[in-house]
Every structure is written in C-alpha cells, then in structure tokens.
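As the structure lists them, so they are numbered: ligands from 1, and atoms in each ligand from 1. What you see is a predicted model; the values in this text were computed from it and never measured.
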Amino acid sequence: MWAYGIQKSTRLERLEKKLRIELPSQGIELFNSPIPELRPGEVLIETRSSALNFNSVWSSLASPVDPFSLISNHVSRNPQDSDHAKDFAIFGSDASGVVVDCAPDVHKWTKGDEVMIHCNVVDTSDPITQADSMLSNSQSIWGYETNFGAFAQYTKVKQNQLLHKPDQLDWHQAGSVLLTLATAYRMLISSKGAQIKAGDTVLIWGAAGGLGTFAIQLAKMAGARVVAIVSGEDKRAICENLGADIIINRLEDNFKDFTNEDGSPNYLKWKRARQILKKKGVSDIDVVFEHVGRDTLGLSIYLARKGGKIVTCAATSGYLCSIDLRYLWMELKTLIGSHFATYDDANKALELVASGKIKVITDSVNKISTLPEKLDYLYEGRAIGKIAFLH
Ligand code: NDP
C-alpha cells in the first residue's frame, strides 16, 4: 500500500550526511508499506480522506523529538503495541474511511461502516481513563506518537478511536475536523478546560488557523465576545465571517515583538498591546486561548484580567517561555495545560458539526501527492482552516 512518513534508512542517511531538515517537505517521503496486521481490539480502515495537523510538521522536522523515539516511547508504555516499532513511521492524525476488517473481539464495528478516526490512543483498562483518558500513562497521539497514521491507503486503529461519519459531512470534512475541533472544545468548553460562559471576553491567537477557526465558533456559541488575532487581511475576513467581534492584524497593527531575542519579556510591547486592546474597547480579557508559546505566553498571562484564565495546548514558536510570575499570582490567574480531548469531548464536539452549529473551514482539498508541499505551506503559517486530502 502507499504511505507517507519516513523510513528509518532515510533518516539515518540524512543524519550520517549531517543534512539538516530546514523544511518539513524534506523530512517526509512516499514509500510502499505492508498493510497493517490487526491485533485484538483493532480495526482496519481503508482511508478516504485525511488532513494536516501541525504535529506532522514536527514529525517531518524530527523536532523537537524524532518520530522513531516517540513511537519507541509509546511501545515501552504499551508493550501490547510492539508491532508499531517498525523501520518506517507513517504520519497523520486525522482521517476518515471505511471499515474493511475487524479483530475477532471487535463487535461494535462491521465491514462497510463509514467512520472518522480520533487520535486519542489509550488503554481503557487503566482506571484513570474513567476520570480523564488524557491522564493515562498509556495515552498517545495516533499518527504522531504511534505508527500507522492517516497518510496511507490503509490504517489500523483501536476500536475506541472510531466515530460514525455523519451523513452531513463530505469525506474531506470528515477527515479534517476531529483533532483541532476536539482540542479547542476541551480547551474552552469542557469541565477540564476554561469553561467559558456567556459574556466572557476570549482572546484567540492564530484565530484563522486549524484550532482558531473552531475556537472562534465555540466561543461565539457559548455567548462570549471574541478578540481574534491574525496576520493578514484574508485571515481577517474569515474571522469576520465566523463572528469574531474584534480582529487585530498583528503585523499591521504592530501587535508583535513581545519577546526579546534572548527570550526575555519586552515590557514596553506588553504595555502597548494593552493600549491597542483598550483603544478597541477591550479592557478585561477573561480567557486567553494560547498555543503560540515562546513569542506570546508571557503577554497572554499579562493580558488576562485579575482572576482570568490562560488555556494552552502548544508552543508553535518554542516551548521554553519566559513568564513574569507576578502577573499570575498577584492577579490570581489560572494557567491551564490542555492536550487533545477525551472520547466524550470528541463526540460532543462532533455533534456540533453534524448539527450544523459549527462549520468546518477548509483551506483547500488536495491530492495526497501534494502532501509535502502543503506541509511547508502549513509550517509557513499560510493555512486558513484545514488542509484536506482526498485519497
Ligand atoms: P495553524 O498553523 O493552523 O494555526 C496556527 C496559527 O498560529 C498560525 O496560522 C499563526 O496565525 C499563529 N502563530 C504562529 N506563530 C505565531 C507567533 N509567533 N505569534 C503569533 N501567532 C502565531 O496550527 P493549528 O491551529 O492547527 O495548531 C497550532 C498549534 O497547536 C500547533 O503547534 C499544534 O501542534 C498545536 N496543537 C496541539 C494540540 C494538542 O492536543 N496539544 C492539538 C492541536 C494542535 P497568524 O499568523 O494568522 O497570527
């Protein structure tokens, strides 16, 4: 079968030649791979569509962690998944398709079912999963920390990673939504996240991106006022369409350079950011939706109102961040770490899409052969919504 990811031999060759991976397209390749064999509790899917997530940028760059190290770590925590340790790694964490085979102990799914895959791989026999599956030591992200991801003709998943594809969704939409939608849902809505409420003001970084387009809609649905931060006029337009109340073009409005070269806070720029927001009528920010990290986390904490919350799931610009703790403790703010979502969160979030309350914003629907170039496009921050592939 065809597959996109990386072969160990290619990785070793680059390392031996000391070839740096400057762009994600240099760290992904097309290769032939055997169709995965099923173990108990697993289902084989013939994929129909998939979509890019930023984690495939990290996989391709082999940074901050090489995909083979991530998979070997998964296997050491989950010895039952030892067959994931192969001399190749198939990337991708969002896909939809059709069930073509099930392990004998799988009863919920049958051949021909049209399904969507969510990326929370977890051993449900771990008692903590009853409270929050993301807390289990067995937990990994499919197609990032595990092998046999979305970018292949066939993939295998645990039976509890599947959801029925709603008829209302096209294949490309079904293969695009779950990772970022469910992540944004947990961050803003679920009891484990910021639990926004009507009347809150929510500041959303990267508001036209994969997470951001869902975050705007979830916040508006909850009755919040949305302050959307973007970097271009085309991105502003999509945020307007989604109902954002205040939109800041961070490049044109000089809403940038919050962190000095050495990583320390640029307090002058922090004050200026507060002034810019005030001029636009924003004085109290209840919740900041963070995923940028190094360049903005310190500012995000500074900007939240007394008693406000900052919820974060990532660090696109770097994971070593300077924060000024005085603005956290003196002002009684809460910094919430969040990571993907439970099956329940994913299911509830999907219902919002199936019922038409939340729209899937698609940057483009592409042939899978364009995957490497589309990874570079995502890496360069050009995507608006989701980049989808039909297989
Ligand atoms: P996208 O690329 O679609 O959107 C991210 C946006 O962030 C960019 O388009 C850009 O928007 C903005 N951004 C990037 N760098 C900066 C910067 N230095 N300053 C301000 N804004 C910046 O990615 P996603 O929304 O899909 O994902 C975002 C991050 O979240 C990634 O790192 C991803 O790995 C992570 N993630 C984590 C998850 C988890 O479960 N932990 C799940 C999903 C994603 P603009 O230029 O318009 O301002």
Do any nitrogen or oxygen atoms of [X] lie less than 3.5 angstrom from nitrogen or oxygen atoms of ligand 1?
| X | result |
| --- | --- |
| Trp205 | no |
| Thr316 | yes |
| Ala314 | no |

### Query
Are there protein heavy-atom neighbours of atom 8 (C) of ligand 1 below 4.0 Å?
no
Ring centroid separation for [X] and [Y], is it under 6.0 angstrom?
| X | Y | result |
| --- | --- | --- |
| His391 | Trp2 | yes |
| His164 | Trp109 | yes |
| Phe91 | Phe151 | no |

Numbered atoms and elements of ligand 1 in range of [X], under 4.0 angstrom, heavy atoms:
| X | result |
| --- | --- |
| Gly209 | 3 (O), 4 (O) |
| Gly206 | 6 (C), 7 (O), 11 (O), 12 (C) |
| Phe340 | 39 (C), 40 (O) |
| His339 | 39 (C), 40 (O), 41 (N) |
| Val230 | 47 (O), 48 (O) |

Are side-chain N/O atoms of [X] and [Y] paired as donor and acceptor at under 3.5 Å?
| X | Y | answer |
| --- | --- | --- |
| His172 | Ser49 | no |
| Thr342 | Asp345 | yes |
| Glu29 | Gln7 | yes |
| Ser96 | Trp171 | no |
| Asn120 | Gln139 | yes |
| Asp123 | Ser138 | no |
| Tyr267 | Asp324 | yes |

At under 4.0 Å between heavy atoms, is it the side chain or the backbone of [X] that contacts ligand 1, or both, or neither?
| X | result |
| --- | --- |
| Arg250 | side chain |
| Leu211 | both |
| Thr180 | side chain |
| Lys235 | side chain |
| Leu179 | side chain |
| Ala383 | neither |

Among protein heavy atoms, which sits nearest to [atom], and what does the distance come to when rounded to 0.1 Å?
| atom | answer |
| --- | --- |
| atom 3 (O) of ligand 1 | Gly210 N, 2.8 Å |
| atom 23 (O) of ligand 1 | Phe54 CD1, 3.8 Å |
| atom 5 (C) of ligand 1 | His291 CE1, 3.9 Å |
| atom 18 (N) of ligand 1 | Asp295 OD2, 2.8 Å |
| atom 37 (C) of ligand 1 | Cys313 O, 3.5 Å |
| atom 46 (O) of ligand 1 | Ser231 OG, 2.6 Å |

### Evaluation steps, salt bridge (charged side-chain N to carboxylate O under 4.0 Å, His left out), between Asp286 and Lys333
CA-CA 10 Å; Asp286 301 281; Lys333 300 173 188 176; over 6 Å; no
### Query
Going from OH on Tyr4 to CG on Leu30, what distance comes out if it is rounded to the nearest 0.5 angstrom?
4.5 Å
### Task
Select the closest option to atom 15 (N) of ligand 1 among Val57, Thr213, Val292, judged by heavy-atom distance.
Val292
### Task
Take every heavy atom of Tyr379, measure it against each atom of ligand 1, and state whether any distance is under 4.0 Å.
no
### Task
Take Arg236 and Glu233 through the test salt bridge (charged side-chain N to carboxylate O under 4.0 Å, His left out) and record every step on the way to the result.
CA-CA 5 Å; Arg236 175 195 289 276; Glu233 289 306 297; 3.0 Å; yes
### Message
Show, in sequence, the C-alpha distance, side-chain angles and deciding distance for His291 and Phe289, and conclude whether the ring-ring contact (aromatic ring centres under 6.0 Å, His included) test is met.
### Response
CA-CA 7 Å; His291 47 87; Phe289 183 87; 5.7 Å; yes
